[in-house]
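Below, all heavy atoms of this structure are taken into account, side chains as well, without hydrogens, waters or symmetry copies.
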Amino acid sequence: MIKVNAESIEKFLKEDEINKIRESLDKAVITLESKEGEGSDFLGWVDYPITYDKNELKRIKEAALTINRHSECLVVIGIGGSYLGAKAAISALSPYFTKEGVEIIFAGNSISSTYLSELRDYLFDKDFSVNVISKSGTTTEPALTYRVLFELLKKRYMKEEFKEHIFFTTDKEKGALREIGLKEGYEMFTVPSDMGGRYSVLSAVGLLPIASAGIDIDKMLEGARDAFKDLKEKQNPAYDYALVRNALYKKGYKIEIMESYEPKLSFISEWWKQLFGESEGKDHKGIFPASCTFTTDLHSMGQYIQEGERHLFETRLHIEEVKADLDIPFDKDNLDGLNYLAGKSVDYVNKTAEEATAKAHIDGGVPEIKISIPKVDAYNLGYLFYFFEKACALSGYTLDVNPFNQPGVEAYKKNMFVLLKKPGYEE
């Protein structure tokens, strides 16, 4: 099980300050469990590790095998929650250098003409498939990307094999993408209608790309299933995390830095930033989510964290058991002065730096929450995804906002459509 340690918080919060938040959080638990709060029509993620469609899971695994048989690359076209979860899982669980199987490429998450142009050139002489992920099929970034790659697919493949390289993940009943898929006979998977994108990583939205990367999605769902059971207890790690971070927010700590000492987890932080930022940031409320990868960012952001304005706290992802380690060799010349570390492991040095940094930051006035993960594998990642989703929903309700909508996201789109002269936006 994931563990939450917030012992250092005693230096920053009084017991009555925590208890005041506990009252609100207990109400949030009731609101979430009763499914009667704001956004209750987007709670499909809560039971999904238990109620997921077994037949669709089988089709996802079959599609992943098909993609690996006939494609060198799978281009995952989506933005926001339609790609961040899969990107986080694949980055965390894939080797840094040697890659086996299909290459997973993410596109449709920006409007960079340079990226799209270079991607088209890169794919020109490769066998590739696309997985378009969009509930509506009309979101600008992925729709534009699909148009460009669709033209390349038509040039690359004969008509009889063309549709074997296209996979849609979209709404089960409506939308432009579904209409196209039904007309053309493309393989389609479901974006659950009762689940927002940022909560959808454990559905087909995330599972098809993750499975195509050779990751065990059965193990991932097993981890989420165990989290579902464990986090139903009255006192649990998700509750503790939501409690402490909200108590700190009430005290005036407005920025939360998610940090880890393993670069593989950097996209876990990116997924986490969308989850919490989009869920809490409304009605002029919410903790601002930021992220750092240490020790790398200690050489850039460390000074500010140590001695800058005291309006931030840290949440540290700690890995108990690393995937690989090696010992530091002895050097007879010792010109770098590192012989005092000879024979010790690199992970030992990393974990020592981790503890030293935590102590320095706490002593410098930065509260810290430590989240311990047994190891980085498919099971524990599934558990971690669900842990954060549960904690985020509780945090949103504790703040008295709807954790499942995102009305502010539409503002830039409306302005963009007006400037681009999209029909219907002339006024």
Side-chain angles (χ1 to χ4, degrees), residues 2 4 6 17-18 20-49 80-81 84-85 88 192-203 224 227-228 231-258 268-291 312-313 315 369 371 384-411:
I2 284 169
V4 172
E17 291 172 325
I18 295 176
K20 283 180 183 177
I21 300 300
R22 194 184 299 277
E23 292 174 11
S24 299
L25 183 55
D26 288 342
K27 291 177 183 176
V29 171
I30 294 169
T31 300
L32 184 61
E33 290 181 350
S34 68
K35 298 185 178 181
E36 294 179 354
E38 282 192 288
S40 58
D41 49 339
F42 282 93
L43 290 176
W45 61 272
V46 175
D47 302 322
Y48 196 80
L84 278 170
S193 58
D194 57 355
M195 193 183 299
R198 59 189 179 274
Y199 290 85
S200 68
V201 59
L202 296 168
S203 73
F228 168 81
L231 303 180
K232 286 181 77 70
E233 300 294 326
K234 179 164 178 59
Q235 206 76 28
N236 63 70
Y239 180 99
D240 293 341
Y241 175 51
L243 175 66
V244 174
R245 67 190 300 276
N246 278 281
L248 288 168
Y249 173 66
K250 193 75 172 176
K251 184 82 171 183
Y253 295 94
K254 305 295 186 182
I255 299 169
E256 179 177 11
I257 300 178
M258 176 65 66
I268 296 291
S269 297
E270 294 302 310
W271 170 83
W272 168 86
K273 284 196 287 191
Q274 188 206 0
L275 178 67
F276 279 84
E278 204 166 73
S279 297
E280 291 186 323
K282 53 203 71 162
D283 301 338
H284 299 166
K285 300 176 185 177
I287 300 167
F288 183 83
S291 64
L312 57 87
F313 67 97
T315 295
I369 304 168
I371 298 175
L384 186 69
F385 281 135
Y386 192 87
F387 161 83
F388 277 131
E389 289 173 353
K390 183 77 177 279
C392 184
L394 292 175
S395 286
Y397 280 142
T398 300
L399 272 176
D400 198 27
V401 300
N402 179 350
F404 308 111
N405 67 353
Q406 53 280 337
V409 175
E410 300 304 314

Note to self: To check you understand the geometry: which heavy-atom pair defines the closest contact between Phe228 and Val46, and what is its length?
What the structure shows: CD1-O, 3.1 Å
Check: Nearest 0.5 Å, what's the OG1-CG distance between Thr398 and Asp400?
Finding: 9.5 Å
Item checked: Between Asn236 and Lys390: side-chain donor-acceptor atoms closer than 3.5 Å -> no
Check: Tyr199 and Phe404: aromatic ring centres closer than 6.0 Å?
Finding: yes
Margin query: Show, in sequence, the C-alpha distance, side-chain angles and deciding distance for Phe313 and Lys251, and conclude whether the side chain to side chain contact (heavy atoms under 4.5 Å, CB included) test is met.
Written below: CA-CA 11 Å; Phe313 67 97; Lys251 184 82 171 183; over 6 Å; no
Checklist line | Heavy atoms from other residues, nucleotides or ligands near NZ of Lys250 exceed 12 (cutoff 6.0 Å) | finding: no
Next item on the list: Using ring-ring contact (aromatic ring centres under 6.0 Å, His included) as the criterion, list what pairs up with Phe385, not counting sequence neighbours.
Entry: Trp271
Notebook entry, point to check: Which atom pair, heavy atoms only, marks the closest approach of Pro403 to Ser279?
Noted result: O-OG, 3.1 Å
Margin query: For Phe387 versus Val4, what's the shortest heavy-atom pair and its separation?
Written below: CZ-CG2, 3.9 Å
Side chains of residues 241-249: which donor-acceptor partners sit under 3.5 Å, not counting sequence neighbours?
from, atom 1, to, atom 2, distance (Å)
Tyr241, OH, Glu256, OE2, 2.6
Tyr241, OH, Trp272, NE1, 3.3
Arg245, NE, Glu256, OE1, 3.0
Arg245, NH1, Glu280, OE1, 3.3
Arg245, NH1, Glu280, OE2, 2.7
Arg245, NH1, Ser395, OG, 3.2
Arg245, NH2, Glu256, OE1, 2.7
Arg245, NH2, Glu280, OE1, 3.4
Asn246, ND2, Ala242, O, 2.7
Asn246, ND2, Ser395, OG, 3.2
Tyr249, OH, Gly286, N, 3.1

Notebook entry, point to check: Is it true that a side-chain atom of Lys282 and a backbone atom of Pro407 form a donor plus acceptor pair closer than 3.5 Å?
Noted result: no
Notebook entry, point to check: Where is the tightest heavy-atom contact between Tyr397 and Gly37, given as atom of each residue plus distance?
Noted result: OH-C, 3.7 Å
Note to self: When you measure from the side chain of Tyr239 to the backbone of Ala391, do you find a donor-acceptor pair of N or O atoms at a distance under 3.5 Å?
What the structure shows: no
Notebook entry, point to check: Distance from Ile21 atom CD1 to Glu23 atom CD, nearest 0.5 Å?
Noted result: 9.0 Å
Check: Stepwise, does the side chain to side chain contact (heavy atoms under 4.5 Å, CB included) test hold for Leu202 with Trp45?
Finding: CA-CA 8 Å; Leu202 296 168; Trp45 61 272; over 6 Å; no
Checklist line | Distance in Å, Glu278 CD paired with Gln406 CD, rounded so as to fall on 0.5 Å steps | finding: 4.5 Å
Check: Tell me the salt bridge (Lys or Arg N to Asp or Glu O under 4.0 Å) pairs involving residues 24-47, sequence neighbours left out?
Finding: Asp26-Lys234, Lys35-Asp47
Notebook entry, point to check: Where is the tightest heavy-atom contact between Pro192 and Tyr48, given as atom of each residue plus distance?
Noted result: CG-CE1, 4.2 Å
Item checked: Check: Leu399 main-chain N/O paired with Lys285 side-chain donor or acceptor under 3.5 Å -> yes
Note to self: Could you measure the distance from the CG atom of Asp240 to the CG atom of Leu25? Nearest 0.5 Å is fine.
What the structure shows: 9.0 Å
Note to self: One pair to check against side chain to side chain contact (heavy atoms under 4.5 Å, CB included): Phe388 and Val201. What are the steps and the verdict?
What the structure shows: CA-CA 12 Å; Phe388 277 131; Val201 59; over 6 Å; no
Item checked: Minimum-distance pair of heavy atoms, taken over all atoms of Ser200 and Gly197 -> OG-O, 2.6 Å
